[in-house]
Amino acid sequence: MRDNSPMSPPGSFLWSRRIFLTLLTGFVLLPVYVMVSSSLKPLADVTGKFRWLPSGLTVRPYIDIWSTVPLARYFVNSLIVAGAATVCSVVIAVFSAYAVSRYDFRGKRVFTVTVLSTQMFPGILFLLPLFLLYVNIGNATGIALFGSRGGLILTYLTFSLPFSIWMLIGYFDSVPRDLDEAALVDGCGPLGALFRIVVPAAIPGIVAVAVYAFMTAWGEVLFASVMTNETTRTLAVGLQGYSTLNDVYWNQIMAASLVVSVPVVAGFLLLQRYLVAGLTAGAVK
């Protein structure tokens, strides 16, 4: 039954909203349908005239994707790099944001402004400096940063850390300091107050930071294409292996894209409520 109260929106608005949301849903789901249908077609059908309803379905592309390119190795590399970058980003951001939120020290304002100002520069500006830095460090010390997972993890930290620290500062500021003082009175030290009081209260913000750091590292292409080799290549770059000089395996590209997206989409859906709450609280503060 329609609500006829004076504050209820007019019927034309409700119908316009339904039509708009229906069109938006179709616009979003259409590429997904094309990907799924193309991944279940033989290569000849994909490269031929497009048909909305496939004439024949096959799961062969989902089997061939593992042998055409070393997809499993790329998947492991991406998981290690993205996971390590996420853990390091969260740990460093928690300690840094807690120090800025709870303590006054010389250079505090300069630190926060510097952290925030790094987001103004496009990432491509850091490509050549980081490349030269990694090569020179490797030549001088023998530590292989260029072409290694460790170097790629450090690279992704330069992207995710500034935003993570900035957002957690706002979230920690929203946690009442009276809770810290009560924990100190009960015998907890600063670290005890952090891990027993502040961190549990800031779980949504920490999850939002973790999701952001993981997604940044998981789908990055530019630095991964330059800073890795055949052994350490990640998924974002490895998917280019389905394109050869002779042919492009479009059905396998679609199948591989769907396979590698499943863990990320599943994790995002599971953590969605924490992500929305964390981003909202950090933005409002």
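Everything quoted here is computed from the prediction, not taken from an experiment.
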How far apart are the closest heavy atoms of [X] and [Y], and which atoms are they?
| X | Y | answer |
| --- | --- | --- |
| Thr234 | Ser78 | CB-OG, 3.2 Å |
| Pro129 | Leu125 | CD-O, 3.2 Å |
| Tyr242 | Ile253 | CB-CG1, 3.3 Å |
| Met35 | Met254 | O-CB, 3.6 Å |
| Ala236 | Val221 | CB-CG2, 3.8 Å |
| Lys41 | Val46 | CB-CG2, 3.6 Å |

Would you tabulate the side-chain donor-acceptor contacts of residues 190-209 under 3.5 Å, counting partners in other chains and residues two or more places apart, or write 'none'?
none

Side-chain ([X]) to main-chain ([Y]) donor-acceptor, under 3.5 angstrom:
| X | Y | value |
| --- | --- | --- |
| Thr216 | Ser160 | no |
| Glu220 | Ala224 | yes |
| Ser101 | Tyr98 | no |
| Ser243 | Gln240 | no |
| Ser37 | Val34 | yes |

Does Arg109, at its CZ atom, have more than 12 non-hydrogen atoms belonging to other residues, nucleotides or ligands within less than 6.0 Å?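 Open.
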
Does atom CG of Leu29 have more than 12 heavy-atom neighbours from other groups under 6.0 Å away? yes

Can you list the residues that meet the side-chain contact (heavy atoms from CB on, under 4.5 Å) rule with [X], with sequence neighbours excluded?
| X | result |
| --- | --- |
| Pro176 | Leu179 |
| Val91 | Val87, Phe95 |
| Val115 | Phe111, Pro162, Ile165 |
| Ile92 | Ser96, Leu161 |

Membership question, hydrophobic clusters at under 4.5 Å side-chain separation (ILVMFWY): are [Y] and [X] in the same one?
| X | Y | result |
| --- | --- | --- |
| Ile19 | Phe27 | no |
| Val237 | Val259 | no |
| Leu157 | Ile80 | no |
| Phe126 | Leu222 | yes |
| Ile63 | Val262 | no |

Is the closest side-chain donor-acceptor distance between [X] and [Y] under 3.5 Å?
| X | Y | answer |
| --- | --- | --- |
| Asn77 | Arg149 | yes |
| Ser39 | Asn251 | no |
| Ser67 | Asp64 | no |
| Ser89 | Ser164 | yes |

Evaluate the criterion side chain to side chain contact (heavy atoms under 4.5 Å, CB included) for residue pair Val264 and Phe214; output intermediate values, then yes/no. CA-CA 9 Å; Val264 179; Phe214 187 86; 4.1 Å; yes

Contacts of type salt bridge (Lys or Arg N to Asp or Glu O under 4.0 Å), residue [X], not counting sequence neighbours:
| X | value |
| --- | --- |
| Asp45 | none |
| Arg177 | none |
| Asp104 | Lys108 |

So how far is it from [X] [atom1] to [Y] [atom2], rounded to the nearest 0.5 Å?
| X | Y | atom1 | atom2 | answer |
| --- | --- | --- | --- | --- |
| Gln252 | Leu71 | CD | CG | 10.0 Å |
| Asp247 | Thr47 | CG | OG1 | 7.0 Å |
| Tyr249 | Thr68 | OH | OG1 | 6.5 Å |

Summary of ring-ring contact (aromatic ring centres under 6.0 Å, His included) pairs that have at least one residue in residues 55-92, sequence neighbours excluded: Phe75-Trp218

For Phe159 together with Phe223, are the ring centres under 6.0 Å from each other?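 Here the rings of Phe159 and Phe223 have centres that are less than 6.0 Å from each other.
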
Under a single-linkage rule joining Ile, Leu, Val, Met, Phe, Trp and Tyr whose side-chain heavy atoms are separated by less than 4.5 Å, which residues share a cluster with Leu184? none

Please evaluate residues Thr228 and Val81 with respect to the criterion side chain to side chain contact (heavy atoms under 4.5 Å, CB included), reporting the C-alpha separation (whole Å), side-chain torsions for both, the decisive distance (0.1 Å), and the verdict. CA-CA 11 Å; Thr228 60; Val81 170; over 6 Å; no

Which residues share a side chain to side chain donor-acceptor pair (under 3.5 Å) with Thr155, sequence neighbours left out: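 For Thr155 the side chain to side chain donor-acceptor pair (under 3.5 Å) partners, ignoring immediate neighbours, are Tyr134.
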
How would you list, by chain and number, every residue that makes a side chain to side chain donor-acceptor pair (under 3.5 Å) with Ser225, sequence neighbours excluded? none

Please lay out, stage by stage, how Thr232 and Leu152 fare under the test side chain to side chain contact (heavy atoms under 4.5 Å, CB included). CA-CA 9 Å; Thr232 59; Leu152 198 58; over 6 Å; no

Parallel, tilted or perpendicular: rings of Phe131 and Phe146 (30°, 60°): perpendicular

